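In what follows, a single structure is set out as C-alpha cells and then discussed.
Just so you know, these numbers come straight off a predicted model, no measurement behind them.
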Amino acid sequence: MWTIDCDVGTRFLMSPVMLSVSPQRFIMMLTEHLVRCETGGIDFNTSWYKICIERLQQVFLMHHGTIQQYMGTLEHLLFTAELDPHILAVYQQFCALQL
C-alpha cells in the first residue's frame, strides 16, 4: 500500500465530503490555481492540480445522470469558451463518453 504526503487542503479534496461538490466549486479552485501559477511563473501541473482534475472527473462520472440533464445549462453558465482549456477539456471528455 502506498501513501501520499499531502497538506490539509489536499486531504480535504480527497475526502468523501468533496465527492458531491458541484463542478462550479472545482472550476473556481482550479481557475484560481491556474491564475496564481501563471502570475507567479510556476508550473501549474502539481500533485494538487492533478488530484483536483481527477476528482472533477470522478464527480462527472458519479453524477452523470444529473449532469446530463443539465448539460445545456452547464455549458451556458460554466463550461464556456472563456474557461481555461485545461478545465474545459475535462468536461469535453465527459461529454464524449455519452454515458
Side-chain angles (χ1 to χ4, degrees):
M1 176 139 215
W2 56 276
T3 60
I4 299 174
D5 292 327
C6 54
D7 62 13
V8 173
T10 303
R11 282 196 302 272
F12 175 69
L13 284 173
M14 295 168 51
S15 72
V17 171
M18 288 300 289
L19 292 177
S20 62
V21 171
S22 74
Q24 183 178 10
R25 181 67 183 139
F26 281 101
I27 290 170
M28 289 174 24
M29 291 177 358
L30 289 165
T31 301
E32 289 170 4
H33 171 75
L34 292 169
V35 168
R36 277 193 307 270
C37 290
E38 184 178 324
T39 303
I42 56 176
D43 185 22
F44 71 90
N45 202 18
T46 63
S47 296
W48 181 88
Y49 174 81
K50 291 174 187 175
I51 289 169
C52 285
I53 289 292
E54 290 170 1
R55 280 292 182 208
L56 180 57
Q57 291 169 333
Q58 186 177 26
V59 166
F60 283 142
L61 293 175
M62 288 178 64
H63 302 285
H64 65 87
T66 303
I67 291 172
Q68 286 176 334
Q69 289 177 3
Y70 298 101
M71 286 177 91
T73 302
L74 289 171
E75 289 172 7
H76 179 71
L77 297 175
L78 298 176
F79 298 103
T80 64
E82 293 81 32
L83 186 62
D84 186 276
H86 297 95
I87 302 168
L88 187 56
V90 175
Y91 179 72
Q92 291 169 337
Q93 290 167 358
F94 168 75
C95 291
L97 291 175
Q98 298 294 321
L99 298 175

Checklist entry - According to a 4.5 Å side-chain heavy-atom criterion applied to Ile, Leu, Val, Met, Phe, Trp and Tyr, with indirect links allowed, do Met28 and Tyr91 form part of one hydrophobic cluster? => result no

Item to check | Intermediate values then yes/no, side-chain contact (heavy atoms from CB on, under 4.5 Å), Gln68 and Phe94 | outcome: CA-CA 10 Å; Gln68 286 176 334; Phe94 168 75; 4.2 Å; yes

Next on the checklist: Strictly by side chain to side chain donor-acceptor pair (under 3.5 Å), give each pair with a member in residues 77-86 just once, sequence neighbours left out.
Outcome noted: Thr80-Glu82, Asp84-His86

Distance, nearest 0.5 Å, that separates [atom1] of [X] from [atom2] of [Y]:
| X | Y | atom1 | atom2 | value |
| --- | --- | --- | --- | --- |
| Ile51 | Thr46 | CD1 | OG1 | 8.5 Å |
| Glu75 | Gln92 | CD | CD | 9.0 Å |
| Ile67 | Leu74 | CD1 | CG | 7.0 Å |
| Met29 | Arg25 | CE | CZ | 5.5 Å |
| Phe60 | Arg55 | CZ | CZ | 14.5 Å |
| Leu88 | Gln93 | CG | CD | 10.0 Å |

Got a list of side-chain donor-acceptor pairs under 3.5 Å for residues 32-44, not counting sequence neighbours?
from  : atom 1 : to    : atom 2 : distance (Å)
His33 : NE2    : Phe44 : O      : 2.8
Thr39 : OG1    : Val35 : O      : 2.8
Asp43 : OD1    : Asn45 : N      : 3.3

Item to check | ring pair (Phe, Tyr, Trp, His ring centres under 6.0 Å) involving Tyr70 - partner list, sequence neighbours excluded | outcome: none

Next on the checklist: Out of the candidates Leu56, Ile27, Leu30, Val59, only one should pair with Val90 under the side chain to side chain contact (heavy atoms under 4.5 Å, CB included) rule; please name it.
Outcome noted: Leu56

